[in-house]
There are 2 protein chains.
Amino acid sequence: MDLRPIIAVRRDRGIHSAEDLTQLAVAAATGSAPDYQLAAWLMAAFLNPLTERETADLTLAMANSGQRLDLAPLPKPWVDKHSTGGVGDKTTLVVLPILAACGLSMVKMSGRGLGKTGGTIDKLHAIPGFRTDLSPTELLSQAQKIGLAIAGQSPDLAPADGTLYALRDVTETTGSLPLIVSSILSKKLAAGAETVVLDVKWGRGAFMATREDARALARSLRDVGQRCGLRVEAILSSMDEPLGAAVGNALEVTEALDVLGGSTDGPRERALALATEVAALALVASGKFGTEPEARDAVAHAITSGQAHDRAMAWFAAQGAELPLLLPIAPTRTTLRADQAGWIRDFDAEIVADALLDLGGGRRTKSDAIDPRVGFVRAVSVGDRVAVGDPLVEIHAATEAQIAPAEASLRRAIKLSPEPVSRPPLWDRSF
Amino acid sequence: MDLRPIIAVRRDRGIHSAEDLTQLAVAAATGSAPDYQLAAWLMAAFLNPLTERETADLTLAMANSGQRLDLAPLPKPWVDKHSTGGVGDKTTLVVLPILAACGLSMVKMSGRGLGKTGGTIDKLHAIPGFRTDLSPTELLSQAQKIGLAIAGQSPDLAPADGTLYALRDVTETTGSLPLIVSSILSKKLAAGAETVVLDVKWGRGAFMATREDARALARSLRDVGQRCGLRVEAILSSMDEPLGAAVGNALEVTEALDVLGGSTDGPRERALALATEVAALALVASGKFGTEPEARDAVAHAITSGQAHDRAMAWFAAQGAELPLLLPIAPTRTTLRADQAGWIRDFDAEIVADALLDLGGGRRTKSDAIDPRVGFVRAVSVGDRVAVGDPLVEIHAATEAQIAPAEASLRRAIKLSPEPVSRPPLWDRSF
């Protein structure tokens, strides 16, 4: 297929027909056009952004470029939850069991992490035996039984997005709002969702640097979603400091289970707060509850009753984990302590993410292996008061040699103030 | 090589260092970066054009990406002549023998034609036995003996341009002025020129549609050339109607020999006039003559004395043609005649070019074979007065079946006026 006419339209700030974008998606999905033509179109689309109508057409074209999951065996509503990615973001691991405990049935496709933001699939791979290669039939049958099932991105769903996403990464065209929106929504549509609840993160540890960027993304996701027949609800959450206590794959699974078990120690409180908000939003958007206070009560009950925690364990077991659950543990640990008194003024999520990559706990390039054991558990977050000698963060490392550089990084990440510091707001919903 | 940082600079309207552009040229020449990264850069460079300084740096980087021809065995001045391409443009075939007859020694690399504009190499290939694959040694030795030698584009000269030129063609990035300028000049530099005389064509049968576009190209070629140590002189010539009488490869070789033999019949007059102007410009720019009137006298003498014609025959023979020269002839001919009286108001070069492609006389795609025999010989040009039944143009076709469609095309190309039409100016030099 020769994409030259389509490239020329984008180059000249023209308007694509839906047919143009279907051709483009088919070419990307089947490999019938050369990568260099797709790359030229992507750069033209980066510099001459798609309109909302074009973005919706591209979304539908990519969703239709492969199989579309038929969720008919599951009871409606068909909800999905998506995070744009952050540091220490275990929200999905907390929200999904809560929603299942509240009566929703969900099938979720999730990506692997790259760079500073971790991926849910990587976190679940920290659980020995956990399988993420479930077939559509397995996903549906498990979701019918226990209310939730998850799999890695399937090459059969939205394959056009798979090709374009990989090319964007190597051609410096990742940052285009319409391309981001169509990539996210095409996968949701292909996976059968009717309602999507988005956690759009912004800040130093997120893909979107500023709240304004996140707001624009949330708006565009909502508006383009509407054109594609998807109901999109969103929450904007701050990612200047990591979310919750743990950063690192096995450590985050542990924290998710702690939170589901009712723990709100220190930074865990905010992980629960955000998960509650996202879950309540999903329960109202899906029509399961009429008001948010009712939904929040249901979430609280799912936790205090132990039902959400039980649902998580049933989920892990259904996907291959042996119970009682055993998680890999790093051989070396040390606790970094405050060398002065004061209030925590900053806990830089980006530096923490880089330090995790240094420990081998994430991927710098797609082919990197991940050490699931390593990471950090924070004892404090921004606004906390510390005395000299108080623990700030526990470092979990694979070797003794990793400790000193990790300590140095964390010392740079954590800044103290002699004056009280107010806790920054974690989320808002105005966009 | 990962070109992402270089792509990002162009995308964000930054300024490339010379080192950036050297890396890009090396990557293009050696294939060490993937085509999709080059394509993304090309589109970014199309939409965020290079500055003059960057264009000069890219030109030098591409010129240095392969061998550079050393013209030291030839007497200075080292002159080259370049046309941006047109319909019926046999100027090079006329100018080179004239310049050789006037005492210059030239080695020229020339391209093949694609689409509406023909290529000098294709015209020469109409001569049975003519070789265009001379090695650098053969080129120099022949130029030392008879003052001129020509070869097709060598993959050893400016290979970075070879890669980028091919990619531009398939990614809709051909029309960028800085990319055009660096492509032209890098090949001239690699082929050893110090002075280049350019025939920049504009109009319906040329790459540049308007005189303003041609002017901008000529200016940029002059200014970027100066930064690269190349003296660039230019003439702007109109290509709304074909140049001279013949359009078609063998027919154009015949016309070139006719013009060199002193013929100025009908449309041939303007082919000679433009060749004289280009040759005179080259002779003055190279320092061979002090003033243009002197140079024009020398050109006229080269023709009337028969020296230029002799030089052309010696050239063809040196590159493999058998003398006496035999050229392939189309089996079918017909003459289109005026069906009304009036003045020729238009003779659309673009329609003529398309009609030649229909006859098989050019390339629509790179792999097309060319029939050298076919084409048109015009009896009239814009401004001529015709009576009913006067010949307008002779059609040379491979089959009888080609005649009717060719006639129909030419009837569309030729428009008559009941009022006298003034002959449009053929060239100017103000840019």
Side-chain angles (χ1 to χ4, degrees), chain A residues 1-14 16 20 23-24 27-28 31-50 114-115 160 162-180 207 209 213 364-368, chain B residues 1-14 16 20 23-24 27-28 31-50 114-115 160 162-180 207 209 213 364-368:
Chain A
M1 197 179 296
D2 186 352
L3 300 179
R4 273 184 288 188
I6 295 173
I7 295 170
V9 167
R10 195 81 249 130
R11 181 195 67 187
D12 300 338
R13 298 181 167 73
H16 285 305
D20 277 0
Q23 275 191 40
L24 184 87
S32 63
D35 279 354
Y36 52 75
Q37 291 197 332
L38 296 172
W41 183 86
L42 285 168
M43 182 56 81
F46 186 99
L47 293 170
N48 296 332
L50 298 176
L114 186 63
T163 302
L164 292 178
Y165 189 88
L167 266 177
R168 281 163 58 206
D169 192 44
V170 289
T171 56
E172 292 286 358
T173 51
T174 48
S176 160
L177 198 60
L179 297 179
I180 294 168
F207 196 62
D213 290 344
R364 282 213 163 81
T365 69
K366 281 177 208 163
S367 55
D368 284 352
Chain B
M1 198 180 297
D2 186 353
L3 299 180
R4 274 185 287 189
I6 294 173
I7 295 170
V9 166
R10 193 81 250 130
R11 182 196 66 187
D12 299 338
R13 296 181 169 73
H16 285 305
D20 277 359
Q23 274 190 41
L24 184 88
S32 62
D35 278 354
Y36 51 75
Q37 290 197 333
L38 296 172
W41 184 86
L42 284 168
M43 183 56 80
F46 186 100
L47 293 169
N48 296 331
L50 298 175
L114 186 62
T163 302
L164 293 178
Y165 189 88
L167 267 176
R168 281 165 55 205
D169 192 44
V170 290
T171 56
E172 291 288 358
T173 51
T174 48
S176 161
L177 199 60
L179 298 180
I180 294 169
F207 196 62
D213 290 344
R364 281 211 163 81
T365 70
K366 281 178 208 164
S367 54
D368 285 351

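Residue numbering restarts at 1 for every chain, and letters A, B, ... go by the order of the sequence lines.
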Give the C-alpha distance, both sets of side-chain angles, the deciding distance and a yes or no for side-chain contact (heavy atoms from CB on, under 4.5 Å) between B:Arg4 and A:Asp169. CA-CA 9 Å; B:Arg4 274 185 287 189; A:Asp169 192 44; 4.3 Å; yes
So for B:Asn48, is it side chain, backbone, both, or neither that comes closer than 4.5 Å to the heavy atoms of chain A? side chain
Below 4.5 Å from any heavy atom of chain A, which atoms of B:Leu167 appear? Answer side chain, backbone, both or neither. side chain
Closest heavy-atom pair, B:Glu172 versus A:Pro5, reported as atoms and distance to 0.1 Å, is OE2-N, 4.4 Å
Determine the option with the most heavy-atom pairs under 4.5 angstrom with chain A, choosing from B:Arg10, B:Arg11, B:Gln37. B:Arg11
Best-contacting candidate, A:Ile7, A:Asp2, A:Leu3, A:Val170, against chain B by heavy atom pairs under 4.5 angstrom: A:Val170
Restricting to non-hydrogen atoms, name the atom on B:Leu47 and the atom on A:Ala44 that form the minimum distance, rounded to 0.1 Å. CD1-CA, 3.9 Å
Using side-chain heavy atoms (C-beta onward) and a distance below 4.5 Å, is B:Leu38 in contact with A:Tyr36? no
In Å, rounded to the nearest 0.5 Å, how long is the span from CG of B:Asp35 to CG of A:Asp35? 9.0 Å
